[in-house]
Amino acid sequence: MSGIFRSLSSYNYRIYICGTFLSNIGTWLQRTAQDWLVLTELTHHNATAVGLMMACQFGPILFLFPLTGFTADYFDRRRFLMVTQAIMAVLSLLLGLLTVTGLIELWHVYIFSFLFGCVTAFDAPARHTFVVELVGEKHLANAVGLNSTSFNAARMIGPAVAGVLIIATSTGVAFLINSASFVAILCSLAFLRTAELHPRTRVKRTQSRLIDGFGYAWKRPDLKLIIVTLFLIGGFVMNFPIFISTMTVSVFHADATLYGLLSSMMALGTIIGALLAARRERPGIPLLLTGSISLGLVALLASIAPNYWMFGIVLPFIGVSALTFMNSSNSLMQLMTEPTMRGRVMALRIAVARGSTLIGAPIVGWVADRFGPRWALGVGAIAGFVTSIIILFYLTKYRGLKLCFGSGRFGISYHIDPELPFAPDKKNSESSPGFS
């Protein structure tokens with residue numbers, strides 16, 4: 001099998017992605033219902049509370065990454081994922097029971113968000129690096145793109161269903177359905193053919209320290225670039241629950257059904273972005289520039305959208321831009337990193353991308369409360385443009401960036417710096433015209 005879906009030629013990958021797709025639908029049910037619960041049922045349209053909830057959920061990822069990265073490199077990832085997924089199923093069940101019985105309070109949501117964040121901090125590095133064991137390095141970029149396609153296809157379905165469920169029943173029902181959805185991923189992990197998994201080098205306790213991933217990445221200009229730009233994008237641009245929910249209720253005065261529809265409209269764009277990522281054989285750093293520039297532009301357009309439907313039209317473009325940046329950074333960091341360091345470096349990536357929410361989400365939420373949701377989106381646009389400037393500086397300093405004109409369009413050319421310890425696009429030509 002070739003083309004966009006070439007990773008599906010692997011039996012193990014087919015089983016795994018089916019299980020994750022069903023589980024991801026439940027995840028988006030819960031995320032949408034949880035945002036709505038905090039914004040409209042437990043507070044009076046308080047965006048700061050939503051930001052604090054996101055900080056509770058993503059903060060542990062930032063603080064635990066040395067330990068979580070080591071566990072991803074040290075333990076059997078399949079078995080480890082079965083444990084983390086089972087724990088999250090139990091947490092969803094307990095949150096759902098509290099909500100449907102009417103006992104839920106805001107501090108409960110904060111505590112459960114924190115607990116989910118702790119478990120996710122261990123789950124995410126193992127889940128991201130487990131893809132290599134399923135398909136091997138040859139199809140890694142493709143599998144990352146297909147994983148993202150699955151996740152964002154669920155993102156298109158889950159919020160829309162959540163909006164209907166909230167109106168028809170309650171937010172608690174969405175949490176209970178999410179708990180049940182974990183059965184799908186647990187079964188898929190159990191049914192994998194372990195003999196067909198691609199072998200990996202397991203790290204011994206005596207070979208490495210927990211913090212080695214940070215030191216390894218910080219000595220590399222290419223990896224350091226991704227870490228810094230991920231902090232800006234993750235902290236100030238990827239706050240979609242705040243942007244969409246506050247624009248829905250405070251600017252357009254819409255209900256839960258229309259909120260779910262907006263979330264699904266943005267998910268449509270993320271699916272397109274994920275499929276484009278799956279199509280590429282090997283991403284490059286200029287692709288990060290494409291994503292950051294377009295994110296800044298579309299966030300700016302969204303901030304001035306005059307009505308609900310114009311805002312909804314812009315959201316798919318935000319999704320494409322966000323997935324272009326995030327998927328490229330994911331594949332690049334894995335391909336740039338030595339296999340024995342991959343778990344710890346990916347834990348660092350996840351810690352920065354999600355943990356930066358601990359800083360960014362409360363700030364963006366405060367801006368939305370103090371100055372309005374449109375200004376919060378403006379903060380995201382500024383972060384996108386600042387990220388673009390940083391990438392341009394890197395390309396100029398390390399890759400000899402030059403503007404060029406050919407085939408009727410402007411683009412860029414750059415070379416590979418021979419002093420870089422590893423460059424994933426060395427197999428390509430020394431010049432890469434265009435922004436892709």
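For the single chain, residues carry numbers from 1 onward in sequence order.
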- Item | Greater than 12 external heavy atoms within 6.0 Å of Phe80's CZ | yes
- Any donor-acceptor N/O pair, Ser150 side chain to Leu146 backbone, under 3.5 Å: no
- Message: Run the salt bridge (Lys or Arg N to Asp or Glu O under 4.0 Å) test against Arg127 and tell me which residues pass, sequence neighbours left out.
- Response: Asp123
- Shortest non-hydrogen contact from Leu225 to Ile285? CD2-CG2, 3.7 Å
- How far apart are the closest heavy atoms of Leu186 and Met82, and which atoms are they? CD2-O, 3.3 Å
- Query: So do Val386 and Leu232 actually touch side chain to side chain, heavy atoms under 4.5 Å?
  - Reply: yes
- Note on the structure: Correct closest heavy-atom pair for Cys56 and Tyr110 would be CB-O, 3.8 Å
- Note on the structure: Residues pairing under salt bridge (charged side-chain N to carboxylate O under 4.0 Å, His left out) where one sits in residues 361-383, two or more places apart or in two chains, turn out to be none
- Query: Hey, is the main chain of Leu98 close enough, under 3.5 Å, to the side chain of Thr101 for a donor-acceptor pair?
  - Reply: yes
- Task: Provide the full list of side chain to side chain donor-acceptor pair (under 3.5 Å) pairs with a residue in residues 18-27, sequence neighbours left out, each pair given once.
- Result: none
- For the atom pair OG (Ser188) and CG (Asn12), what is the distance rounded to the nearest 0.5 Å? 10.0 Å
- Task: Give the minimum heavy-atom separation between Ile359 and Pro362, together with the two atoms involved.
- Result: O-CD, 3.6 Å
- Message: Treating Arg220 as the side-chain partner and Met336 as the backbone partner, does any N or O pair qualify as donor plus acceptor under 3.5 Å?
- Response: yes
- Sequence neighbours excluded, which residues qualify as ring pair (Phe, Tyr, Trp, His ring centres under 6.0 Å) partners of Phe191? none
- Within the distance-only criterion (no hydrogens, no angle test), does the side chain of Thr43 pair as donor or acceptor with the backbone N or O of Val38 below 3.5 angstrom? yes
- Message: Can you tell me how far apart CG (Leu176) and OG1 (Thr99) are? Round to the nearest 0.5 Å.
- Response: 8.0 Å
- Message: Under a plain distance cut-off of 3.5 Å, with no hydrogens placed, do Tyr13 and Asn147 share a side-chain donor-acceptor pair?
- Response: yes
- Quick one: side chain to side chain contact (heavy atoms under 4.5 Å, CB included) partners of Pro60, sequence neighbours excluded? Leu64, Phe114, Cys118
- Quick one: does Thr71's side chain have a donor or acceptor within less than 3.5 Å of a partner on Thr68's backbone? yes
- Not counting sequence neighbours, which residues clear side chain to side chain contact (heavy atoms under 4.5 Å, CB included) with Val379? List them please. Phe236, Val364, Val367
- Roughly how far, to the nearest 0.5 Å, is the CD1 atom of Ile87 from the CZ atom of Phe182? 11.0 Å
- Item | Under 3.5 Å: donor-acceptor pair, side chain of Tyr16, backbone of Val131 | no
- Would a 4.5 Å heavy-atom cut-off, applied to side chains only, mark Leu42 and Glu105 as touching? no
- Just jot down the side chain to side chain contact (heavy atoms under 4.5 Å, CB included) partners of Ile111, sequence neighbours excluded, or say none. Trp107, Leu115
- Item | OG on Ser356 to CD1 on Ile233, rounded to 0.5 Å | 9.5 Å
- Message: Quick check for you: to the nearest 0.5 Å, what is the distance between Tyr216 atom OH and Leu348 atom CG?
- Response: 12.0 Å
- Note on the structure: Residue pairs passing the ring pair (Phe, Tyr, Trp, His ring centres under 6.0 Å) test with at least one member in residues 160-179, sequence neighbours excluded, are none
- Of all the heavy-atom pairs spanning Ser92 and Gln30, show the shortest one and how long it is. OG-OE1, 3.1 Å
- Query: If you take all heavy atoms of Gly365 and Ala47, which pair is closest and at what distance?
  - Reply: O-CB, 3.7 Å
- Message: Going by the rule side chain to side chain contact (heavy atoms under 4.5 Å, CB included), which residues pair with Ala305 if we only count those two or more places apart in sequence or in a different chain?
- Response: Met310, Phe311
- Task: Would you confirm whether the ring centroid of Phe151 sits within less than 6.0 angstrom of the ring centroid of Phe21?
- Result: no
- Qualifying side chain to side chain donor-acceptor pair (under 3.5 Å) pairs with a residue from residues 229-245, counting only residues at least two apart or across chains: none
- The reported gap from CZ in Arg78 to CG in Leu192 (rounded to nearest 0.5 angstrom) is 6.5 Å
- Which pairs with one or both residues in residues 157-176 pass side chain to side chain donor-acceptor pair (under 3.5 Å), sequence neighbours excluded? none
- Message: Are Arg349 and Met326 packed together at the side-chain level, in the sense that at least one heavy-atom pair is separated by less than 4.5 angstrom?
- Response: yes
- Query: Can you check whether Ser7's main-chain N or O pairs, donor with acceptor, with Asn142's side chain at less than 3.5 Å?
  - Reply: yes
For residues 292-304, which side-chain N or O atoms pair as donor and acceptor with protein atoms under 3.5 Å away, sequence neighbours left out?
from: Ser292; atom 1: OG; to: Leu288; atom 2: O; distance (Å): 3.2
from: Ser292; atom 1: OG; to: Leu289; atom 2: O; distance (Å): 3.1
from: Ser292; atom 1: OG; to: Ser388; atom 2: OG; distance (Å): 2.9
from: Ser294; atom 1: OG; to: Thr290; atom 2: O; distance (Å): 2.8
from: Ser294; atom 1: OG; to: Gly291; atom 2: O; distance (Å): 3.0
from: Ser294; atom 1: OG; to: Ser321; atom 2: OG; distance (Å): 3.0
from: Ser303; atom 1: OG; to: Leu300; atom 2: O; distance (Å): 2.6

- Counting only N and O atoms by type, is there a donor-acceptor contact under 3.5 Å from the side chain of Ser113 to the main-chain atoms of Gln57? no
